[in-house]
Amino acid sequence: MKRIAILGSTGSIGRSALSVVAAHPARLEVVGLAAGRNVERFAEQVAGLRPAVVALADGEALERLRASGALSDAAAAGSGEDGLVRVATHPRADLVLCASSGTAALGATLAAIEAGKTVALANKEVLVMAGRLMVEAARRRGVAILPVDSEHNAIHQCVDGRAPDDVVRYILTASGGPFRDRSAADLAAVTPEDALRHPTWSMGPKITIDSATLMNKGLEVIEARWLFDAPPDRIDVVVHPQSVVHSLVELRDGSVIAQLGVTDMRLPIQYAFSHPERWPAPLPALDLAACGPLDFQPPDTDRFPCLGLAYHALRAGTSLPAVLNAANEVAVAAFLERRLPFTAIPHVIETTLDAAAGRAPTEPSALAEVRELDAWARRFSSSVAGG
């Protein structure tokens, strides 16, 4: 029996994770849950699972949970970042799924690692902003960080059990988003509604916009650098519209190993929960004959410069990935609020990176430095975006 704590249980990843738990009641038990402000959905989860510890984003949400009657007298409860840390470090938890978004998850994830918990990671900010801090802590504590993002999860499946020197290239696949066939001129007229129509995956608004700009893939390149200890020049991206091949690795003898599967996040979540075992999944098998042709193309970084900006930030070997992440979040929010055109998103990011180049000469050595840089980047990029 593995005991699971879930940070971000009311989001799409969290709900998929609970579906995996429900499919394996003899193997998995939920001992901790944390969420934002969706108290109604959270109350249903708490009432059904009776976890030992719960947390919500703030005190007001926690009081609403208490008033709902879903919280048992025996459960410990908290709010804010302290609440996240309590859930992530609960003594009974074996594995912590980090699916909450934003910088609040940084402290909880690091606390889970320091507490010796296996971490199943579905939060991009954690490694993009503080990759070295996280992986060095994991090595020091002998803790595994298991990726949940479908692309990194696929690579993990391809390299698991192989000698690191056997792998010469890590190849992340990208759907290309809804605008992969649009001209540069057409992109200038893109609306939020257009960008939120992802052709393959059902995701939250921010990550869907990131997919449309290819920033999502840029952030994944940065994550891959830390997850697999790979330099940027050994991490490639290919556009694969069908999203059947989730990622690939090239071995030193020239062989290329790929992981294929249905487009359902329950598959990578279950892999992280079950590793190193393999369990039957409550999913339909992949029907290769029904997939039709599988296409692969290089990404167009002229039309979608965000991917190139991510590589630039990573190659700098400094704190620029944290700046990139913050500026991107500000720019995407401005676009969704119709204060910024779609094609101006990379301009905001590039301008902020240029301004930060002299401010962040080294990678952060503590979370306080990460948060300070994040706050500066948000202020600066907001001024660039007209906020």
### Message
Evaluate V30 against R3 for side-chain contact (heavy atoms from CB on, under 4.5 Å), listing each step before the verdict.
### Response
CA-CA 6 Å; V30 174; R3 295 175 176 85; over 6 Å; no
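- Between the CG atom of L309 and the CG atom of L353 there is a distance of 6.0 Å, given to the nearest 0.5 Å.
- Taken together through direct or relayed side-chain contacts under 4.5 Å among Ile, Leu, Val, Met, Phe, Trp and Tyr, L7 and L106 form parts of separate hydrophobic clusters.
- R141 places a side-chain N or O within donor-acceptor distance of the main-chain N or O of E114, the cut-off being under 3.5 Å.
- Nearest heavy-atom pair, A112 versus A88, reported as atom, atom and distance to 0.1 Å: CB-O, 3.6 Å.
- No donor-acceptor contact under 3.5 angstrom links the side chains of S150 and N153, judged on distance only.
- When atom types are taken as modelled, the side chain of S16 and the backbone of S12 share a donor-acceptor pair closer than 3.5 angstrom.
- Side-chain contact check for L373 versus V323: some heavy-atom pair is nearer than 4.5 Å.
- Taking OG1 of T10 as the reference point, atom CG of L18 lies at 9.5 Å (rounded to 0.5 Å).
- Rounding to the nearest 0.5 angstrom, the gap separating the CD1 atom in I349 from the CD1 atom in I345 is 7.0 Å.
- Proximity of M129 to R371: side-chain heavy atoms (C-beta onward) are nowhere separated by under 4.5 Å.
- The shortest distance between side-chain heavy atoms of R225 and R132 falls below 4.5 Å.
- Between V87 and V54, the closest side-chain pair of non-hydrogen atoms is not below 4.5 Å.
- Considering all non-hydrogen atoms of both residues, V21 and L28 come closest at CA-CD1, 3.9 Å.
- Neither V31 nor I4 shares a network with the other; the hydrophobic side chains, linked directly or stepwise wherever heavy atoms of I, L, V, M, F, W or Y lie under 4.5 Å apart, form separate groups for each.
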### Working for side-chain contact (heavy atoms from CB on, under 4.5 Å), residues I222 and L324
CA-CA 11 Å; I222 298 171; L324 174 98; 3.8 Å; yes
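- Ring centroid separation for the pair F304 and F179 does not come in under the 6.0 Å cut-off.
- By the 4.0 Å N-to-carboxylate-O rule, R41 lies too far from E44 to be salt-bridged with it.
- Between atom SG of residue C291 and atom CD of residue Q242 there is a gap of 8.5 Å, rounded to the nearest 0.5 Å.
- Transitive grouping of hydrophobic side chains (ILVMFWY, heavy atoms separated by less than 4.5 Å) keeps L146 and V128 in distinct clusters.
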### Task
Show your reasoning for whether side-chain contact (heavy atoms from CB on, under 4.5 Å) applies to D236 and Y170.
CA-CA 6 Å; D236 287 348; Y170 301 84; over 6 Å; no
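- Contact annotation: the side chain of T213 approaches that of F342 to within less than 4.5 Å [non-hydrogen atoms, C-beta and beyond].
- Between the CG atom in L127 and the CG atom in N325 there is a gap of 11.5 Å [rounded to 0.5 Å].
- Using modelled atom types and a 3.5 Å distance limit, the side chains of Q270 and R27 yield no donor-acceptor pair.
- Counting only distance, with no hydrogens or angles, the side chain of R66 and the backbone of A61 share no donor-acceptor pair below 3.5 Å.
- When all heavy atoms are compared, the tightest approach of I145 to P147 is O-CD, 3.7 Å.
- Note on R303 versus D300: salt bridge recorded, some NZ/NE/NH1/NH2 to OD/OE distance being below 4.0 Å.
- Aromatic ring centroids of F273 and H24 lie 6.0 Å or more apart.
- A distance-only check finds a donor-acceptor pair linking the side chain of E369 to the backbone of S365 [under 3.5 Å].
- If you chain together hydrophobic residues whose side chains sit under 4.5 Å apart, V96 and L84 fall into the same group.
- Electrostatic pairing of D82 and R86 does not count as a salt bridge here, judged by no charged N lying under 4.0 Å from a carboxylate O.
- A donor-acceptor distance shorter than 3.5 angstrom exists from the side chain of S383 to the backbone of F380, with no hydrogens or angles considered.
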### Derivation of the side-chain contact (heavy atoms from CB on, under 4.5 Å) call for V119 and I113
CA-CA 7 Å; V119 171; I113 292 170; 3.8 Å; yes
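- Of the possible polar contacts, none joining the R339 side chain to the F335 backbone as a donor-acceptor pair under 3.5 Å is found.
- Under the side chain to side chain donor-acceptor pair (under 3.5 Å) criterion, R92 pairs with E29, not counting sequence neighbours.
- A salt bridge does not link D165 to R252: none of the charged side-chain nitrogens sits closer than 4.0 Å to a carboxylate oxygen.
- By the 4.5 Å heavy-atom criterion applied to side chains, Q259 and V245 are not counted as neighbours.
- The structure places CG of L121 at 14.0 Å from CH2 of W226, a figure rounded to the nearest 0.5 Å.
- Aromatic ring pairs are classed by plane angle as parallel below 30°, tilted from 30° to 60° and perpendicular above 60°; the pair H156 and Y271 is perpendicular.
- The pair E220-K217 meets the salt-bridge criterion, with a side-chain N (NZ, NE, NH1 or NH2) lying under 4.0 Å from an Asp/Glu carboxylate O.
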#### Entry: side chain to side chain donor-acceptor pair (under 3.5 Å) between T191 and D194, intermediate numbers included
CA-CA 5 Å; T191 67; D194 296 332; 3.0 Å; yes
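- Taking 4.5 Å as the limit, some side-chain heavy atom of P241 sits within range of a side-chain heavy atom of R180.
- For the pair I207 and N216, the minimum side-chain heavy-atom distance is below 4.5 Å.
- Heavy atoms only, all atoms of each residue included: A111 and T89 are closest at O-CG2, 3.5 Å.
- Summarising the geometry of S247 relative to L172, their closest heavy-atom pair is OG-CA, 3.4 Å, with the distance given to 0.1 Å.
- The side chain to side chain contact (heavy atoms under 4.5 Å, CB included) test with I171 singles out one residue from I257, I235, I155, V238, and that residue is V238.
- Atom CD of E337 sits in a crowded spot, with more than 12 heavy atoms from other residues, nucleotides or ligands closer than 6.0 Å.
- By the criterion of side-chain heavy atoms lying less than 4.5 angstrom apart, applied directly or through intervening Ile, Leu, Val, Met, Phe, Trp or Tyr residues, M134 is not grouped with V85; the two fall into different hydrophobic clusters.
- Taking all atoms of both residues into account, the shortest heavy-atom contact from V143 to T118 is CG1-CA, 4.1 Å.
- Side-chain rings of H240 and H246 stay apart, their centers remaining 6.0 Å or farther from each other.
- K117 and D94 are not joined by a salt bridge, as no carboxylate oxygen comes within less than 4.0 angstrom of a charged side-chain nitrogen.
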